[in-house]
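To start, the structure under review is shown below, and the notes come after it.
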Amino acid sequence: MTMTEILPVDLSDVREIPGEIIDSVRQSVEVTFESISGSRPGFVESGGQDAPMNGIIGHITVFNSQHTLTLMVAIPRETALSLSEVFCGMEIPFESDDMGDLVGEVSNILAGEVAANAEQVGFAGQSSLPTVTRGSDLKLFLPNKPPTAQMRFEGSGGGFWVNLALCESRRRK
Amino acid sequence: MSKIKALVVDDSKIMRSAVKRTLDQLMLADFEYTEAIDGEDALEKFSDEIQIIFLDWNMPRMTGVEFSKAVRQKGNTEHIPIIMITAEKSMGKVDTALNEGGANAYVTKPFTADQVSSVLSRYIDKDGNFITGADDQSGKKSFFKDMLNFK
């Protein structure tokens, strides 16, 4: 299957991210977090994030000349602390630069997996550098209303969300 | 047993620490580390003394593949193994790193100690000494074989 079969270049009439891409990302999240923590996180049906979060969000994109898939990995404080223990062998302070570094790296690893899996469904792209936001009462808004999706996972170290937004890489005239 | 001079290049401090910790825990050899935060920094810190390079791909200013190409273009650097340690997993990226970038081996993040040990065994003997003139094609063949089996 090629990308043009599941996704047109022009996204103005696309209301949802195609299921093939969502499934590909879901599989990537499960594989990535399993390889980091040793246990596969469970996907939580209808697990949207309604309440603001005290935690940290890694942002990264997988893009090509036509489309940009943005991944936002939203990790509550307690999950982030657990993640640091399995990744670094010790708990690192939530407020430290190292925590931002860790979540950026986890986002980077996830994007690498997403890029490899999405390639199988025709979305050949490369990943950007990650950026990280940390704070309390965090809530993601997507004002331009691109096609989005939200997935919740529950792992051995706690829950987390992965939010997706799909847009055209360049605004057409 | 003399120390092996290793250049560890990654924009993530956490990952540089993870690479060093893994190498130390494997106890295959004694390493002396030089760290760099991106390709440009690595080029500045690169010297004739460096014996092996552990290299991330996706970094600001200069990517790992750009750095690898620059090192190979210096000439007389073919004997220095460049081990890509990166989150980039697609076959096209692997091919680019190994064939265009001049890297010798490819390890994907998050890596295990066994994966690193398997790669290093081609360059370090059982006494912890660096093997000069190691078969630098074996890493490429091995990675592609693993990828094909995986797929």
Side-chain angles (χ1 to χ4, degrees), chain A residues 24 27-29 31-38 56 58 60-64 71 73 80 83-93 96-132, chain B residues 8-26 35 37-40 55-66 84-97 100-101 106-116 143-144 146-148 150-151:
Chain A
S24 166
Q27 184 191 352
S28 301
V29 172
V31 167
T32 297
F33 280 81
E34 181 179 23
S35 60
I36 290 171
S37 69
I56 188 162
I60 196 163
T61 63
V62 178
F63 64 96
N64 58 31
L71 307 170
V73 188
L83 191 61
S84 73
E85 270 196 280
V86 295
F87 200 96
C88 306
M90 61 179 181
E91 189 173 293
I92 57 178
S96 67
D97 288 350
D98 284 349
M99 182 60 83
D101 191 1
L102 168 69
V103 172
E105 195 55 39
V106 169
S107 304
N108 186 40
I109 294 170
L110 173 61
E113 187 72 31
V114 167
N117 283 337
E119 198 174 74
Q120 308 296 315
V121 294
F123 190 104
Q126 64 181 87
S127 48
S128 69
L129 292 169
T131 57
V132 176
Chain B
V8 181
V9 190
D10 199 307
D11 56 331
S12 163
K13 181 182 154 200
I14 292 275
M15 284 311 302
R16 293 197 304 274
S17 298
V19 170
K20 291 189 299 175
R21 189 172 64 241
T22 302
L23 293 171
D24 290 342
Q25 286 172 348
L26 283 170
E35 295 183 48
I37 60 170
D38 58 41
E40 276 192 16
L55 181 62
D56 183 27
W57 182 316
N58 207 5
M59 296 181 287
R61 298 207 300 169
M62 178 185 279
T63 69
V65 169
E66 288 168 342
M84 296 292 300
I85 298 185
T86 171
E88 300 285 357
K89 295 179 177 174
S90 68
M91 289 296 284
K93 295 281 188 181
V94 177
D95 185 56
T96 299
E100 291 177 33
Y106 204 95
V107 177
T108 56
K109 297 175 183 174
F111 55 84
T112 64
D114 284 347
Q115 288 170 318
V116 176
F143 186 86
F144 278 113
D146 290 348
M147 287 289 281
L148 290 169
F150 175 74
K151 296 290 176 192

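All figures in this text were calculated on a predicted structure; none of them were measured in a lab. Order of the sequence lines sets the chain letters (A, B, ...), proteins ahead of strands, with each chain counted from 1. Excluded from the calculations below are hydrogen atoms, water molecules and symmetry mates; all remaining heavy atoms, backbone and side chain alike, are included.
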### Query
When only pairs under 4.5 Å are counted, which of B:Pro60, B:Ala18, B:Ser17, B:Pro110 shares the most heavy-atom pairs with chain A?
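Option with the greatest count: B:Pro110.
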[atom1]-[atom2] distance between [X] and [Y], expressed to the nearest 0.5 angstrom:
| X | Y | atom1 | atom2 | value |
| --- | --- | --- | --- | --- |
| A:Ile60 | B:Asn58 | CD1 | CG | 6.5 Å |
| B:Lys93 | A:Ser127 | NZ | OG | 6.5 Å |
| B:Asp10 | A:Asn108 | CG | CG | 8.0 Å |
| B:Asp56 | A:Glu105 | CG | CD | 6.5 Å |

Write down the atom of [X], the atom of [Y], and the distance for their closest heavy-atom approach.
| X | Y | result |
| --- | --- | --- |
| B:Arg21 | A:Cys88 | NH1-O, 3.5 Å |
| A:Ala116 | B:Lys89 | CB-CB, 3.8 Å |
| A:Leu102 | B:Ile14 | N-CG1, 4.0 Å |

### Query
Considering only heavy atoms, which portion of A:Ser128 lies under 4.5 Å from any heavy atom of chain B: side chain, backbone, both, or neither?
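Contact with chain B: backbone only.
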### Query
Given a strict heavy-atom distance threshold of 4.5 Å, which part of A:Leu110 is in contact with chain B: side chain, backbone, both, or neither?
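Contact with chain B involves no heavy atom of A:Leu110 at all.
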### Query
Which of these, A:Asp98, A:Asp97, A:Asp101, sits in a salt bridge (charged side-chain N to carboxylate O under 4.0 Å, His left out) with B:Lys13?
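That would be A:Asp98; it is the only one of A:Asp98, A:Asp97, A:Asp101 passing the salt bridge (charged side-chain N to carboxylate O under 4.0 Å, His left out) with B:Lys13.
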